[in-house]
Amino acid sequence: MPKIVDHDARRAELAEAMWRVVYRDGVGAATVRSIAAEAGWSPSALRHYFSTQTELLVFAMEHVMAEATDRFTAGDRTGPTRQVVQRMLEELLPLDRQRAREAEVWLLLAARVPVDPAARERMTEADDGVRRAAELAVALLTGAEPADAATAARLHALLDGLTLHALLHPDRMPPARIRELLAAHLDQLAEGSDTGVGG
């Protein structure tokens, strides 16, 4: 009788192996060969699931989005709204090793967007998730429903910019500085001085 392969279970096994490599050695080390070795597979078996590096990054980005969504939705919602919003948005920023590794995946996949439709599709989904988080944050802080689009777009750009600077210049943008800059912007929103409404 032929052996029945549980592909979902095998992909989950690969995801665990991939993230062990990424967490330990960085995203650049997550090659088909290194992940196969980590999982105890042959590279040819792994290529049945991921034939290109982009497919591997897309798979990694799916994991990133799932992890970030889980943290965002499961976060502590007790306390003043301003503090709750800060905690929510910090889950999307590279403030520890895990989130920094996740941001590295985002950056590498973003570099492939101009030439790869699969990368573009996955990045659009990730971008939409951050946009919705920014809209929720603005709505909570300003009491406006729906959130002002321009204000949410500025917050979204700030989140992306902080992430990029933290990856490229970690010495200039350590976690404490990221929190400080995010807090200053959220304080402005909470005080009503940057609602995006003219007049």
Side-chain angles (χ1 to χ4, degrees), residues 19 22-23 26-27 57-58 60-77 79-114 119-197:
W19 279 101
V22 169
Y23 190 77
V27 178
L57 283 171
V58 166
M61 195 66 208
E62 291 172 357
H63 178 88
V64 167
M65 290 189 295
E67 289 288 305
T69 299
D70 287 347
R71 289 196 305 266
F72 189 85
T73 56
D76 181 6
R77 296 291 190 266
T81 299
R82 168 65 185 75
Q83 293 178 15
V84 169
V85 169
Q86 176 100 18
R87 289 195 300 267
M88 284 168 41
L89 296 180
E90 284 183 359
E91 292 299 343
L92 306 177
L93 294 168
L95 295 172
D96 57 25
R97 189 176 186 185
Q98 177 180 339
R99 284 174 283 179
R101 293 305 198 203
E102 292 172 355
E104 289 172 12
V105 173
W106 169 79
L107 183 59
L108 284 176
L109 193 61
R112 295 173 187 250
V113 164
R120 188 177 310 118
E121 180 181 357
R122 194 59 71 241
M123 284 300 296
T124 297
E125 291 178 10
D127 193 60
D128 286 345
V130 178
R131 176 183 52 78
R132 288 191 295 270
E135 289 172 347
L136 174 60
V138 169
L140 289 171
L141 289 173
T142 65
E145 187 64 45
D148 178 73
T151 305
R154 283 197 295 275
L155 178 56
H156 186 171
L158 175 66
L159 295 169
D160 284 352
L162 289 173
T163 297
L164 186 60
H165 279 271
L167 292 178
L168 299 180
H169 308 289
D171 54 330
R172 294 184 229 161
M173 194 63 68
R177 181 63 174 153
I178 293 173
R179 289 188 171 97
E180 177 186 338
L181 291 171
L182 176 62
H185 188 75
L186 297 181
D187 285 343
Q188 287 184 329
L189 293 181
E191 292 164 5
S193 61
D194 186 25
T195 62
V197 179

Exercise for review: Taking all heavy atoms of Ala139 and all of Glu145, pick out the closest pair and write down the distance.
Suggested key: CB-OE1, 3.6 Å

Point to revise | Distance-minimising heavy-atom pair for Val84 and Gly79 | key: CG2-O, 3.8 Å

Review point. Looking at side-chain heavy atoms only, is the closest gap between Val130 and Trp106 below 4.5 Å?
Key: no

Study note, to complete from the structure: CG of Leu159 to CG of Leu164, rounded to nearest 0.5 Å, is 12.5 Å

Revision key, fill the gap. Sorted by chain and residue number, the salt bridge (charged side-chain N to carboxylate O under 4.0 Å, His left out) partners of Arg71 (sequence neighbours excluded) come out as Glu91, Glu102

**Study point:** Close side-chain approach of Thr73 and Thr69, heavy atoms under 4.5 Å
**Key:** yes

Exercise for review: Flag the pair Asp127 / His156 as yes when at least one side-chain heavy-atom distance between them is below 4.5 Å, and no otherwise.
Suggested key: yes

Practice item. Ignoring hydrogens and angles, tell me if any N or O in the side chain of Arg97 forms a donor-acceptor pair with the backbone of Tyr23 under 3.5 Å. Key: yes

Revision key, fill the gap. Between Leu92 and Ala68, the two heavy atoms sitting closest are CD2-CB, 4.3 Å

Exercise for review: Before giving the answer on side-chain contact (heavy atoms from CB on, under 4.5 Å), spell out for Arg172 and Arg177 the whole-Å C-alpha distance, their side-chain angles and the decisive distance to 0.1 Å.
Suggested key: CA-CA 8 Å; Arg172 294 184 229 161; Arg177 181 63 174 153; over 6 Å; no

Check your understanding: So, do Glu125 and Met61 sit near enough that their side-chain heavy atoms are less than 4.5 Å apart?
Key -> no

Point to revise | Step-by-step side-chain contact (heavy atoms from CB on, under 4.5 Å) determination, Leu162 to Met173 | key: CA-CA 8 Å; Leu162 289 173; Met173 194 63 68; 4.2 Å; yes

Review point. How close do Pro94 and Ala103 get, heavy atom to heavy atom, and via which atoms?
Key: CB-CB, 4.2 Å

Exercise for review: Check the pair Trp19 / Val64 against side-chain contact (heavy atoms from CB on, under 4.5 Å), numbers first and verdict last.
Suggested key: CA-CA 10 Å; Trp19 279 101; Val64 167; 3.6 Å; yes

Check your understanding: Under 3.5 Å, side chain of Arg179 to main-chain N/O of Gln86, donor-acceptor pair present?
Key -> no

Review point. Taking the side chain as C-beta and beyond, is there a heavy-atom pair between Leu136 and Met88 under 4.5 Å?
Key: yes

Check your understanding: For the atom pair CG (Leu109) and CZ (Arg112), what is the distance rounded to the nearest 0.5 Å?
Key -> 8.0 Å

Review point. Is any NZ, NE, NH1 or NH2 atom of the basic residue among Arg87 and Glu90 found under 4.0 Å from an Asp or Glu carboxylate oxygen of the other?
Key: no

Revision key, fill the gap. Nearest heavy-atom contact between Leu89 and Ala133 is CD2-O, 4.1 Å

Point to revise | Ala152 versus Val138, closest heavy-atom pair with distance | key: CA-CG2, 3.8 Å

Exercise for review: Run the salt-bridge test on Arg132 and Glu135 with the 4.0 Å N-O cut-off and return the result as yes or no.
Suggested key: no

Review point. Which value, rounded to the nearest 0.5 Å, describes the distance between Thr124 atom OG1 and Arg131 atom CZ?
Key: 10.5 Å

Point to revise | Verdict with reasoning, Ile178 to Thr163, per side-chain contact (heavy atoms from CB on, under 4.5 Å) | key: CA-CA 9 Å; Ile178 293 173; Thr163 297; over 6 Å; no

